[in-house]
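So the structure is just underneath, and the comments pick up after that.
The structure presented is a predicted model; accordingly, all values stated were derived computationally and were not measured.
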Amino acid sequence: MPYKFSSAEEIEKPLSYSISRQVLLQSKPNAHTWFHPRVAVIPNLDPTQPSTVLMVLQKLLPVSDYFSGMSTMLYSSKLNQWSKPITPPELGWKKGAGGIDIAVADVTPVWHPQLQKVIAVGTQIRYSKEGHQLDDKTRSHQTAYAIYDPKVEKWTSWKVLQMPTDKKYDYACSACAQWVVEPDGTLLLPFYHGPSSKTPFSVTVVRCTFDGTDIQFENEGNTLKLNKVRGLFEPSLIKFQNRYYLTLRNDLKSYISTSKDGLHFQPIKAWTFDDGKDLGSYNTQQHWISHSAGLFLVYTRRGANNDHIVRHRAPLFMAQIDPQKLTVLRKTEQIIVPEEGALLGNFGAADINRNESWVTVGERRNYKKIPKEQWKSNSVYLVKIKWSKPNQAKK
């Protein structure tokens, strides 16, 4: 059974854990930058043997939001060693008519325990010859997925998830998103969507089926809207103690909503600290880390002597939340990746085992504003969160 809070006071007791940080990769100044690193655990078929961790990541090329095909790395817990990044041919760029390149970016991998495969979900993007994103055709931006079978160590090619013909899904992305595999094997994918990129996005959680090869739309929940700037986008979903939590990005603030069934969500609430003050996280992602005895948010925010960082995207913070009041417990906040002049806004978060959770993030430096003699490499960081109290069984 999952751990249950026995009293309101117990929520106020922060869980204890330790943090270690290591550099996995580095890229030279003004070369490509390794970006969007995210992981999924592949359990060993023999439960007495160590697991493997699969990381997906991409090269951010020297144009804004211009990404390569997807690369992968594998971590052997038995050897305590990472493989070098490779780009399987199935996951690389595809060529379209007129010199158009088609890539899949903003990818999150998740292990599907019922069918013993990893599903990688991201957004398909069309690029011009100059590396600019194109939204010149209906449904240019759609959700795509690829499947990794660890038994044969093979990936499928990218497939596009077919959405209903409603115009609200003409731009439909489940991207940079944490998502949930249900006990019955169905998937809960949080989407941000709209008729095009020119209107504010809305967010809807969609239930899909998965047969080991194909993902198919099954049904959808209610739609969350915010008619401010670009609306709501890049949502991340987690299930904690039989309740679903959704954190949402907006250009001005970040928001939280909850659901009993994973599809139908309450009106959004702006993220605040438990003292009522605004969290200060805006125009970037937030993601979840869970423990059976507590739920945590990972985020960036204003107010940390970081006005010189674009969109205040460093340092990277982690704090426990109050799951009833939906606030961030200020006294639990700590920096897990410090600010060193680089943006840290695009990252991943995942539970690895009952003793450990990981946050993975790639730096991005603006070399145009840094004297050449001060240039540093961009690093990919792995932050290991080791729990003092092991996780109990989760539902």
Side-chain angles (χ1 to χ4, degrees), residues 36 65 105-108 121-123 125 133 135 139-143 161 163-164 166-180 187-208 217 219-240 243-272 278-288 295 297-302 311-313 321 326-328 345-349:
H36 289 303
D65 288 332
D106 302 348
V107 177
T108 300
V121 176
T123 181
I125 303 171
Q133 291 191 20
D135 194 14
R139 304 215 164 190
S140 291
H141 288 69
Q142 291 292 295
T143 296
L161 175 54
M163 299 295 287
D166 193 313
K167 289 184 177 180
K168 71 178 183 179
Y169 289 130
D170 281 354
Y171 191 117
C173 300
S174 187
C176 295
Q178 287 172 293
W179 50 276
V180 172
L187 319 179
L188 291 178
L189 296 174
F191 276 77
Y192 64 97
H193 59 85
S196 73
S197 59
K198 298 177 182 178
T199 58
F201 294 118
S202 301
V203 164
T204 302
V205 176
V206 169
R207 186 182 299 278
C208 297
F217 176 97
N219 58 357
E220 61 189 351
N222 64 319
T223 297
L224 301 175
K225 297 182 178 182
L226 182 67
N227 193 24
K228 293 183 179 180
V229 200
R230 289 183 291 169
L232 300 171
F233 54 111
E234 290 186 344
S236 271
L237 178 69
I238 197 166
K239 187 178 184 180
F240 173 70
R243 192 180 184 193
Y244 299 84
Y245 295 79
L246 189 66
T247 185
L248 308 107
R249 172 180 172 180
N250 171 259
D251 288 326
L252 305 179
K253 289 186 177 184
S254 56
Y255 290 84
I256 168 73
S257 180
T258 64
S259 169
K260 293 181 179 179
D261 64 2
L263 288 178
H264 301 91
F265 282 80
Q266 295 296 311
I268 61 174
K269 172 186 177 295
W271 272 117
T272 64
D278 182 67
L279 180 62
S281 181
Y282 72 102
N283 205 6
T284 194
Q285 302 159 22
Q286 316 94 48
H287 294 305
W288 301 104
L295 185 59
L297 190 70
V298 184
Y299 55 93
T300 57
R301 65 169 176 83
R302 301 182 180 93
R311 299 181 186 175
H312 299 87
R313 287 187 171 185
I321 74 161
L326 306 181
T327 57
V328 173
N346 298 73
F347 61 97

Atom of [X], atom of [Y] and distance for their closest heavy-atom approach:
X      : Y      : value
Lys225 : Ser202 : CG-OG, 3.3 Å
Asp135 : Ser197 : OD2-OG, 2.8 Å
Met163 : Ala172 : CG-CB, 4.4 Å
Val328 : Tyr299 : CG1-OH, 3.8 Å
Thr223 : Thr204 : OG1-OG1, 3.0 Å
Trp271 : Thr327 : CZ3-C, 4.1 Å

Side chain to side chain contact (heavy atoms under 4.5 Å, CB included) between Leu161 and Cys208, worked out:
CA-CA 10 Å; Leu161 175 54; Cys208 297; 4.1 Å; yes
Roughly how far apart are [X] [atom1] and [Y] [atom2], rounded to 0.5 Å?
X      : Y      : atom1 : atom2 : result
Gln178 : Ile238 : CD    : CD1   : 5.5 Å
Gln266 : Leu224 : CD    : CG    : 9.5 Å
Ser254 : Tyr282 : OG    : OH    : 11.5 Å
Asn219 : Arg207 : CG    : CZ    : 6.0 Å
Leu232 : His193 : CG    : NE2   : 9.5 Å
Leu248 : Ile268 : CG    : CD1   : 6.5 Å

Please assess Tyr169 against Glu220 for the test side chain to side chain contact (heavy atoms under 4.5 Å, CB included), listing each intermediate value before the final yes or no.
CA-CA 12 Å; Tyr169 289 130; Glu220 61 189 351; 2.4 Å; yes
Look at the side chain of [X] and the backbone N and O of [Y], then say whether any donor-acceptor pair between them is shorter than 3.5 Å.
X      : Y      : value
Trp179 : Leu187 : no
His287 : Phe347 : yes
Thr123 : Ala105 : no
Gln133 : Ile125 : no
Thr143 : Val121 : no
Lys269 : Leu326 : yes
Asn250 : Gly231 : yes
Ser281 : Thr300 : yes

Could you tell me whether the side chain of [Y] reaches within less than 4.5 Å of the side chain of [X], counting heavy atoms only?
X      : Y      : answer
Arg249 : Tyr192 : no
Phe233 : Asp251 : yes
Gln286 : Thr247 : yes
Ser257 : Pro267 : no
Val205 : Ser259 : no

Determine whether the aromatic ring centres of Tyr244 and Phe265 lie less than 6.0 Å apart.
no
Does the pair Asp106 and His36 meet the rule for a side chain to side chain contact (heavy atoms under 4.5 Å, CB included), with working shown?
CA-CA 6 Å; Asp106 302 348; His36 289 303; 3.0 Å; yes
Against Asn283, only a single residue in Lys253, Arg230, His312, Arg313 fulfils side-chain hydrogen bond (donor to acceptor under 3.5 Å, both in side chains); can you say which?
Arg230
Just do the side chain to side chain contact (heavy atoms under 4.5 Å, CB included) check on Leu297 and Trp288 with the steps written out, would you?
CA-CA 5 Å; Leu297 190 70; Trp288 301 104; 4.0 Å; yes
For the pair Tyr171 and His141, name the ring-plane relationship: parallel under 30°, tilted 30 to 60°, perpendicular over 60°.
parallel
